[in-house]
**Q** 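This is the structure, below, for whatever I ask next.
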Amino acid sequence: MHPDVQKIMLSEEEIKDRVQGLGKQISEEYQGEEILVIGILKGAMIFLADLVRNISIPTYFDFMAVSSYGAGTESSGAVRILKDLDKSIEGRHVIIVEDIVDTGLTLKYLTENLQARNPASLKICTLLDKPERRTVNVNVNYVGFSVPNEFVVGFGLDFNERYRNLPYIAVLKPEIYE
Ligand code: 5GP
């Protein structure tokens, strides 16, 4: 275990099993179609890489980067597009792939923004969901795990850009946040 980690919330094995299940479910539900997965950088990168390798239908990728927490652990509420999609999504079956849904502000903004570009369908897949923290209503279609209201890192999620490469989801020791 990394010396800064207080506890592992979700192990590598637990994540692997759940991501396999999500990939299978998506492959079944979109049988006969092609999908475009939109990864939200940088947090969703590791999850997306594992998820798409468990999807058996034709799958295309694109990426967006949006501003989120900056250097702290509290959402500012402001969402800004730092990198937009490379191509049009009109008429495509789109799945937004996120690392975590917290207040829901980021996804509310993203779904409204992407819906206006006329996809054939638009769904949301997130590795983690913190339902207790929701301040706006967003319809999340695929959830890896519901987690309690604790700040987590690893498997793509960072604290000040660190810990993204941890292969599990963890809570850091309190002194690290100070
Ligand atoms: P929301 O807009 O739903 O409040 O926040 C979404 C974004 O906040 C996520 O994509 C992620 O970047 C960040 N976030 C929310 N909760 C956590 C957390 O527990 N750990 C980390 N590392 N980021 C979080």
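All heavy atoms count here, side chains included; hydrogens, waters and symmetry mates do not. Read the numbers this way: they start at 1 and go in the same order the structure lists the ligands and their atoms.
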**Q** Any heavy atom of Asp158 closer to ligand 1 than 4.0 angstrom?
**A**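 Yes.
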**Q** Please confirm whether the backbone N or O of Phe151 pairs with a side-chain atom of Tyr177, one donor and one acceptor, at under 3.5 Å?
**A**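 Checking the backbone N and O of Phe151 against the side chain of Tyr177, a donor-acceptor pair under 3.5 Å is found.
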**Q** In Å, rounded to the nearest 0.5 Å, how long is the span from CG of Asp102 to NZ of Lys130?
**A**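 That separation rounds to 4.5 Å.
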**Q** Counting only nitrogen or oxygen atoms and a 3.5 angstrom limit, does Leu107 reach ligand 1?
**A**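 Between Leu107 and ligand 1 (N or O atoms, distance only) the closest approach is not under 3.5 Å.
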**Q** Among Phe151, Tyr163, Phe155, which one puts a heavy atom closest to atom 17 (C) of ligand 1?
**A**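 Among Phe151, Tyr163, Phe155, the closest heavy atom to atom 17 (C) of ligand 1 comes from Phe151.
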**Q** Give the atom numbers and elements of ligand 1 that come within less than 4.0 Å of a heavy atom of Thr106.
**A**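 Reading through ligand 1 atom by atom, the close ones are 1 (P), 2 (O), 5 (O), 6 (C).
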**Q** In ligand 1, which numbered atoms sit nearer than 4.0 Å to a non-hydrogen atom of Leu105?
**A**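 Those qualifying, in numeric order: 2 (O), 3 (O).
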**Q** Which ligand 1 atoms does Val152 reach within 4.0 Å, using its non-hydrogen atoms?
**A**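 Answer for ligand 1: 18 (C), 19 (O), 20 (N), 21 (C), 22 (N).
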**Q** Between Lys24 and Glu28, does any NZ, NE, NH1 or NH2 come within less than 4.0 Å of an OD or OE carboxylate oxygen?
**A**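 Salt bridge present between Glu28 and Lys24.
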**Q** Is the CG atom of Asp17 crowded by more than 12 outside heavy atoms at less than 6.0 Å?
**A**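 It does: Asp17 CG has more than 12 such atoms within range.
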**Q** Between Asp84 and Lys87, does any NZ, NE, NH1 or NH2 come within less than 4.0 Å of an OD or OE carboxylate oxygen?
**A**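 No, Lys87 and Asp84 are not salt-bridged.
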**Q** Measure the distances from the heavy atoms of Gly43 to every atom of ligand 1 and state whether one is below 4.0 angstrom.
**A**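 Checking ligand 1 against Gly43, which is what was asked, there is no heavy-atom contact under 4.0 Å.
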**Q** Which residues pass the ring-ring contact (aromatic ring centres under 6.0 Å, His included) test with Tyr163, not counting sequence neighbours?
**A**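 For Tyr163, the residues satisfying ring-ring contact (aromatic ring centres under 6.0 Å, His included) (neighbours in sequence not counted) are His2.
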**Q** Please determine whether any non-hydrogen atom of Arg134 lies less than 4.0 Å from an atom of ligand 1.
**A**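 For ligand 1, residue contact (heavy atoms, under 4.0 Å) with Arg134 is absent.
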**Q** If I compare all heavy atoms of Pro119 with all of Leu122, which pair ends up nearest, and what's the gap?
**A**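 Smallest interatomic distance, heavy atoms only, reads CG-CB, 4.2 Å.
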**Q** Any Lys/Arg nitrogen of Lys108 or Glu112 sitting under 4.0 Å from an Asp/Glu carboxylate oxygen of the other?
**A**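 The answer is yes: the pair qualifies as a salt bridge.
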**Q** Within the structure, is a non-hydrogen atom of Lys130 found at a distance of less than 4.0 Å from ligand 1?
**A**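 Within the 4.0 Å threshold, so yes.
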**Q** Answer with side chain, backbone, both or neither: which part of Glu150 has a heavy atom less than 4.0 angstrom from an atom of ligand 1?
**A**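 Within the 4.0 Å criterion, Glu150 contacts ligand 1 through backbone atoms alone.
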**Q** What are the atoms of ligand 1, with element, lying closer than 4.0 Å to any heavy atom of Glu98?
**A**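 Per the distance check, 10 (O).
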**Q** Minimum distance, heavy atoms only, to atom 10 (O) of ligand 1: which one of Asn149, Asn160, Asp99, Leu128 is it?
**A**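 The nearest heavy atom belongs to Asp99.
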